[in-house]
Amino acid sequence: MSESTTQQKPKRALFSSNTRQKLLAFASLIGLMVFFSLASPSFMQTDNIVGILQATAVNGVLAIACTFVIITSGIDLSVGTLMTFCSVMAGVFLTYWGLPFYVGVLAAIFFGALSGFISGTLIAKLKIPPFIATLGMMLVLKGLALVISGTKPIYFNDTPEFTSISQESLIGYLLPDLPIPNAVLILFVMAVGASLILNKTVLGNYTFALGSNEEAVRLSGVNVDRWKIVIYTFAGAICGIAGLLIASRLNSAQPSLGQGYELDAIAAVVIGGTSLSGGTGTILGTIIGAFIISVLTNGLRIMSVAQEWQTVVTGAIIILAVFADNMRKSK
Amino acid sequence: MSESTTQQKPKRALFSSNTRQKLLAFASLIGLMVFFSLASPSFMQTDNIVGILQATAVNGVLAIACTFVIITSGIDLSVGTLMTFCSVMAGVFLTYWGLPFYVGVLAAIFFGALSGFISGTLIAKLKIPPFIATLGMMLVLKGLALVISGTKPIYFNDTPEFTSISQESLIGYLLPDLPIPNAVLILFVMAVGASLILNKTVLGNYTFALGSNEEAVRLSGVNVDRWKIVIYTFAGAICGIAGLLIASRLNSAQPSLGQGYELDAIAAVVIGGTSLSGGTGTILGTIIGAFIISVLTNGLRIMSVAQEWQTVVTGAIIILAVFADNMRKSK
Amino acid sequence: MTPIVTIRHLNKTFPGVRALNDAQFELFPGEVHALMGENGAGKSTLMKVLAGVYQKDSGEILVNGQAVEINDPREAQALGIGIIHQELNLMSHLSVAQNIFIGREPRTRSGLFIDVPRMWRDTQEVLDRLHLTLDPRTLVGDLTVAKQQMVEIAKALSHAESRVLIMDEPTAALNNAEIDELFRIIGQLKSHGVGIVYISHKMDELKRISDRVTVMRDGQYIATVPTAETSMETIISMMVGRTLLDTGGPQVPAEQSEVVLEVRNLNRGKVIKDVNFVVRKGEILGFAGLMGAGRTEVARAVFGADKVDSGDIRVRGEKVSIRHPADAVRLGIGYLSEDRKRYGLATGMDVSSNVVLASMKRFLWSQFVLKRQAIRATCAQFVKQLEIKTPSLDQKVALLSGGNQQKIVIAKWLVRDCEILFFDEPTRGIDVGAKSEIYKLLNALAQQGRAIVMISSELPEILRMSHRILVMCEGRITGEVSAAEATQERIMQLATRRETAKSN
Amino acid sequence: ASAADDMYIPLVSKGFQHQFWQAVKAGAEQAAKDLKVKITFEGPESESMVDKQIDMLSAALAKKPTAIGFAALDSKAAIPLLKKAQASKIPVIAFDSGVDSDIPVTTTTTDNVAAAGLAADKMAELIGKAGEVALVVHDQTSRTGIDRRDGFLNRMKSTYPNIKIVSVQYGGGDQLKSTEITKAILQANPNIKGIFGANEGSAIGVLNAAREMKRKIVIIGYDSGTQQKAAVADGSMAGAITQNPVGMGYKTVEAAVKAIKGEKLPKVIDTGFYWWDKSNMNDPKIAAVLYD
Ligand SMILES: Nc1ncnc2c1ncn2[C@@H]1O[C@H](COP(=O)(O)OP(=O)(O)OP(=O)(O)O)[C@@H](O)[C@H]1O
Ligand SMILES: Nc1ncnc2c1ncn2[C@@H]1O[C@H](COP(=O)(O)OP(=O)(O)OP(=O)(O)O)[C@@H](O)[C@H]1O
Ligand SMILES: [Mg+2]
Ligand SMILES: [Mg+2]
């Protein structure tokens, strides 16, 4: 409601995206990076920057999935455990059943989409509030990941190509000075793709429309339920890719990991300027939000701040980053 | 927006409360209890029922705090770590500084209120979205609890009365057959008090009004910022009481506990029929929601279901409980 | 000729409300059929059933002589039935173009992407047809209610295949020029054989465009009459079930009473430019102007709802600083906003909570506990006085008819008992009967010594009610007219006196 | 290698909030003071966060340390980073549990399986080698959780056929959760004779539950801490296994310094585990390995 205050200046955006917000979050990110570079010489080294990029990949991809859902004014608490579930399914297909590499990849994405489809159906057809539907799914998937894996990590020893998804570097192969791991490449490709989908396709159009005024969309004769299911399914498939990234990075499917990741992902989305009440948001903002979190975490570690103080400072800076944006916005 | 769905039937309630929803959640609770009684003879024994009551106390109190915030269409992710922070502060006052018992109790409540005041100010004055403001506070408080306690539990060995807050039984003293611990008594007293405040006072009235249409409330000449701060402060004070309950139960302030408790609390609120988009909700619903969670957890443990399956079943039943309500509501 | 729509024996009950009771209706192609009735008579409900928004309890609907079941808006659209809802149903975060083409987005050849340039072009065409100067790329949330209403209309008209077009109070937020434009388009549609259902509380519009009138009362069908052969008085008495007395204009010319509000050199960006005016005790000051003239902005600025760049405000001679609506209300200034849904009502709350929202302090024991009895008594009194149609004081405001919602906002400010009251479009969506009640009320308030500023886009209303009229154009006050010398022509002349034109 | 003063040895552990890890940290800090080196100590919040630990290891390596201490949550996941450390000639000391690789120059560890086996022996002895027993474990997937559970279960199965394990539940080391879990176990199994709590939080949970339900059972704990010490002293807990976390932390830093100086180190440095109960808890040797 308070969204629509009269204080707002009219926005003449290309296509309902909010360019300024993106740039402002970007300024916070740059500010943090400058600070850490000055504070510690180790920060700005290639190795460390690559480490930060690598550390952002999984959360970035999950945050992309969350962006879609949050723009519809929904929420997805299951992204973390869904990621884990998908990596376990990849392990089942590849290690337990010895199927070829690409089948494992497809399996992870398929089960991600399937789970998203179920969440979407619960929300759209059975009218379960997104918070509850995805909380339930979070628990169900967490349990299933444990059951299916037998509460043990599944290692991808039989599929050596699997580690290449995340760890090797296509860019580094072409440009040896820039050993950016594939996980990061995948993150950027997905960000560009997701941004196109969000801004140029019907799916994106309905994502914004549902978040802005679902009832109006329904009254316009759109099959709201179907599109909601499509959006959650799409977000689920993206979580499947996150599952591949993390499994490849760890060379194993870790069944107990995943819970808690949803908060980081949602935080990235919100820091990136997407409103939890729906209707606005950008992928670029989300990616910047994810980087703000990783840079902060890494920088504090590099500065060897005591761990309990790291937590305090992270909390304070998340608030400050958003506050700084508010300030500049209201100018 | 989707609040005003055209299909909704009007509700004839005392004063903007939603009697039916409460009763329906209640039916789910009874259903669960009947099922577990049939499944295991140990379930319906006084001991176990008392155990369930006791297990609900902390989450119930946190959920009461969340109910207020969620009705304003806000969210409070800091309730869990705030509870911990308050118990640590009680420890500092009682054990480190050796102050009298009641000072420790007041300190916990005071620091809860103070932290709520800060969250409220961030949200109302600096316009930080509640999700970010309380996420930041969650981290800050978590870190501070560790710093202040020196990452060690603080024991209440010098204040033997402290354990009586949660563990002893005033009711059991009067009625020896009903050894209901004080924690439960406190939960019920607080629930009744919170319910009165929500439905019979200005604070409650503005809680609903802010969640329904903040801008309209502002244009009615209400000092919206001040009331928001009051509501968050009030919720914070309630978390302080939760901190006392848990510290008394464990006879120590455990600084690393607390994160994750916010999800349980929010889940209780939403299962109890309060909408995350604000404007509606009841304390009774929240308490029932908290009991649904505890009964479910306890029942599955009593049935000795394997833990990974417990997780799956809990997830499924949370969805089912809300679905069952929807079904009956739409009749 | 077969009627394009026939509705018979339609019943629809909401808990506690019998909204439609054996209603009937008939529409021919190429006909403009007005649907009239008091607030809460069931007009919107009847049309929503036809548009698939609500499901009927019983009764039958025939389209082109064929019985149909319309289960959702999509099926209505498939039958060629389009509707402009009374309440705006727009996606405020989306552009004008996205709103107009929701559900029918043009795609690129690959079918994957939306053909955005084409969507803008098509939108521009629709807007041009309406002679609307709007950028298809503007976000709808940034538009004024009037422009949003035009977007709704454009959206409904952009359906080329519509054979039935329902317009539920389309002109409530429009000015005369826009209304003329709309009527021109209705004329066009009519000549193409489209059947139009037209709901309005503006009686003068009936004669201008409708062919027949169907009157409803309390959910029941009363009569259908040809407009040309029926007098307004007959229609009104059919609507209200009695004859209305005209209350006439302002009673006492409150010439030289004390000044209670004085606004000097008020500026806010481009929307308020050096505005000066005074309001006196016991007078009704009319604010006239075209859409976007800045009247609402002035009221909001004085009320503290928006920040101003500069300006002095004096209340009863004393200089005051109003930074927040709470300050204004404390000083005895009330503001009834033009957009009730967004700024006036907590629609999720019940009637009584809304009525006392601005005056909670009066209803508290020891500043904290609600005086339930007093609240209910006060609400009951105003529900009666304003004839608010609601099943109970506990009804959610969102479930009331549009006109009754408007009355609740009025009640809210009456309860607060302010000395200075800004009424921004107070009779928007209110039926004739209630309108004269509100006029009576405004007069009574003025007589009691209140100072009233009435912003209205309905010139007859301004002319009839005001002691003095200020006219605005492009953020400036372009003139003042006394009640005696006011004419429509004089006001329109001032309302279009643009700054650029003046310098020539 | 350089002068001891500018040696920097980050320790990346499995956790940092638990008392066990705080004790390891205390030992490491003591060694740092004695040997005049600089250390940092950090670990993820929960033992399931394998990737978070890898990010920590990566940040630690970026700081160009002279040596590094590492307690792997997953014995394989960190291998690429450890190879990087090896390539930059940074010696790696594994602690707590090993890594599936020969990169670490040495491993300071306790045999959790054997330690839990000893707990099983004590339990059997105390309940008369027959009856129902349950376990409250902190984690289902972490190495320590698995080793302690399996060490206990396997010893029971192989040696004590009359003892029946009625329930194994996991409480995340959270005292409150472990309390509720134990209460449910006690409720469902009225004849239960003993419960093993596999870490400090779990053991305290078991204690709380038995006290709240006024049940006399044999409780065996793990690690130490103020509450376990008090419970052992007043007899409500039969005894517990303790590792030597302080010693582990100390020896890890000590080994790192030796490795930097190029000294030869054994493949495994066993820091040992001990059974402690009312009778021996005040022995200087035992008292030294107990922490508050
Ligand atoms: N969704 C709903 N739930 C409950 N009652 C409703 C609902 N919608 C309308 N009503 C009630 O039905 C009656 C008819 O309402 P309707 O909106 O059709 O009136 P209307 O003739 O359009 O009035 P107005 O001129 O004020 O718009 C009113 O009493 C209203 O309160
Ligand atoms: N929320 C808003 N965001 C951006 N511009 C706005 C907003 N509200 C009003 N404006 C602009 O401010 C100017 C003055 O509008 P205002 O609503 O005050 O006009 P008005 O005279 O009250 O006309 P109306 O008859 O439409 O109410 C217009 O140019 C309008 O487009
Ligand atoms: Mg209507
Ligand atoms: Mg206006």
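All chains are named by letter (A, B, ...) in the order of the sequence lines, taking the proteins before the strands, and each is independently numbered beginning at 1.
Using a 4.5 Å cut-off between heavy atoms, L146(A) contacts chain D through its side chain alone, with no backbone atom that close. Looking at T40(D), the atoms closer than 4.5 Å to chain A (heavy atoms on both sides) all sit in the side chain, from C-beta outward. Contact annotation for N59(A): neither backbone nor side-chain heavy atoms come within less than 4.5 Å of a heavy atom of chain D.
Within the model, atoms CZ of F41(D) and CD of Q307(A) stand 9.0 Å from one another, a figure rounded to the nearest 0.5 Å. Distance CD/E308(A) to CD/E42(D): 11.0 Å, rounded to 0.5 Å. Taking CD1 from I79(D) and CG from N251(A), the interatomic distance works out to 8.5 Å, rounded to the nearest 0.5 Å. Atom NZ in K52(D) sits 4.5 Å away from atom OH in Y261(A) (nearest 0.5 Å). The CG atom of N48(A) sits 6.5 Å away from atom OG of S58(D), with the distance rounded to the nearest 0.5 Å.
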**OP:** For the pair T151(A) and Y170(D), evaluate side-chain contact (heavy atoms from CB on, under 4.5 Å) and give the outcome as yes or no after the intermediate values.
**Re:** CA-CA 12 Å; T151(A) 60; Y170(D) 308 87; over 6 Å; no

Original post:
Checking side-chain contact (heavy atoms from CB on, under 4.5 Å) for the pair D47(A)/K84(D): CA distance, chi angles, key distance, verdict?
Top reply: CA-CA 11 Å; D47(A) 265 14; K84(D) 212 158 114 191; 3.7 Å; yes

**OP:** Could you check L257(A) against D51(D) for side-chain contact (heavy atoms from CB on, under 4.5 Å), going step by step and ending with a plain yes or no?
**Re:** CA-CA 9 Å; L257(A) 177 152; D51(D) 63 324; 3.8 Å; yes

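Contact count against chain D (heavy-atom pairs under 4.5 Å) is highest for I246(A) among N298(A), T163(A), I246(A).
The side-chain heavy atoms of I54(D) and Q54(A), taken from C-beta on, include no pair separated by under 4.5 Å.
Contact record, A59(D) with I302(A): O-CD1, 3.7 Å, taken as the closest heavy-atom pair.
Counting heavy atoms of neighbouring residues, nucleotides and ligands inside a 6.0 Å radius, atom NZ of K76(D) exceeds 12 of them. Within 6.0 Å of atom NZ in K83(D), 12 or fewer heavy atoms from other residues, nucleotides or ligands are found, so the atom counts as exposed in its surroundings. At most 12 heavy atoms of other shown residues, nucleotides or ligands fall within 6.0 angstrom of atom NZ in K177(D).
Side-chain atoms of S256(A) and T141(D) include a donor-acceptor pair closer than 3.5 Å.
Distance alone, capped at 3.5 Å, is enough to place a donor-acceptor pair between the K63(D) side chain and the R301(A) backbone.
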